[in-house]
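Heads up, the thing below is written out as structure tokens.
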Amino acid sequence: SFARIIGAATAVSVIAITAASADEITLRGASLFDEEHAYTKTLRQLEQLIGDKYDGDVVFDLRLNGELGDESDFVTFLQQGVAIDYAIMAPSNMATFAPSIPLMDMPFLFRDLEHWDTALASGVMAPLEAELLAKADIRVIGYAGGGVRNLASAEPIGNIDELTGHKMRVMGAPIQAQIFSAIQAAPSAIAYNEVYNAIQTGVIAGFENEAASIQNLKFYEVAPNITLTKHAITVRPIVVAEKTFKKLPEALQAAILEAGLEAGAFGRNLESTQDGEKMQEMIDAGQVQVQEFAGREKLLELVVPVQDAYAAELGASDLLEAIRSK
Ligand code: MAV
């Protein structure tokens, strides 16, 4: 009968609606750090914003303290769309899948915080994001970062002579090793979660990192000498596994994209503001000794040809110019 058909149709749509909304969606995130670190706070902000912007139910399951590995593990999980749906990542830890993405965070790319800010706001990184999406199935939804990376070592490194042959850990992207070789160090790519032990046992003499992470993971215990090379201002995309993203309801996708931009702005502001404070806290606590690097301009001269060659090899010389000239 008519009534039954209507009834049947209604029943179907009720099921459909329940399936979409009550079929709870769980998204799993990953952070290397505890709740105190800017990355974790930024991911919490992202969750909050998505929740505010989306009417349906989403559950966020953020795993902290490197429970799901370090970023070289995250990238594999994100690419496969299993185990991790969202994270904050160093581009140089995503090199295996998208060789051009580490151009974003190569050392000595930005002159200062203002240049970094302008470049990120300009959309100039769009071709790199497109490559990451196409090759790695990883979507950039915003940019966190804003920490300044310096050398941290067991013994003080104050000038190019002391830097020469200095055994240090760098991130996995080849361009990272090339740049630190160019400034005369002896870099090796070691997993982030092995760095502390590698310094402690003397396998390497140091590494390079930003204050927030040196503090959060207590790297100062083994590498208390900070040299202010200020060689990088971090660019840290907030990323989502595209294989997961594609399956989400449209309204949730839209909420994620908006939230990503806003959480990124929150994270950049937080981390860049906290950077000096975190360093000062470690100085005040007697955890680090900080010194300038004598002759930083010389380092710049050494790295520019390496940056140029890397960009040329990727066919990205124009892009590099565009970033430099922001
Ligand atoms: C710092 O903890 C962060 O910049 C993080 O994103 C990087 O993966 C890490 O350093 C590293 O050097 O690998």
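All ligand and atom numbering here is 1-based and tracks the order in the structure. Side chains included, hydrogens not; waters and symmetry mates left out as well; all remaining heavy atoms used.
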### Query
Under 6.0 Å between the ring centres of His166 and Phe180?
no

### Message
Could you check whether Tyr196 and Phe207 have their ring centres less than 6.0 Å apart?
### Response
no

### Message
My understanding is that only residues two or more places apart in sequence, or in another chain, count here; which of them pass ring-ring contact (aromatic ring centres under 6.0 Å, His included) with Phe74?
### Response
none

### Message
I'd like to check the side chain to side chain donor-acceptor pair (under 3.5 Å) partners of Arg44; sequence neighbours left out, ordered by chain and number.
### Response
Glu35, Glu47

### Query
Out of curiosity, does Leu120 fall in the hydrophobic cluster containing Leu113 (side-chain heavy atoms, cut-off under 4.5 Å, transitive links)?
yes

### Query
Taking only residues two or more places apart in sequence, or in another chain, which ones meet Lys243 in a salt bridge (Lys or Arg N to Asp or Glu O under 4.0 Å)?
Asp137

## Note on the structure
For ligand 1, protein residues within the heavy-atom limit of under 4.0 Å are Phe33, Tyr39, Glu71, Ala90, Asn93, Arg149, Arg169, Met171, Tyr192, Asn209, Glu210, Ser213, Arg236

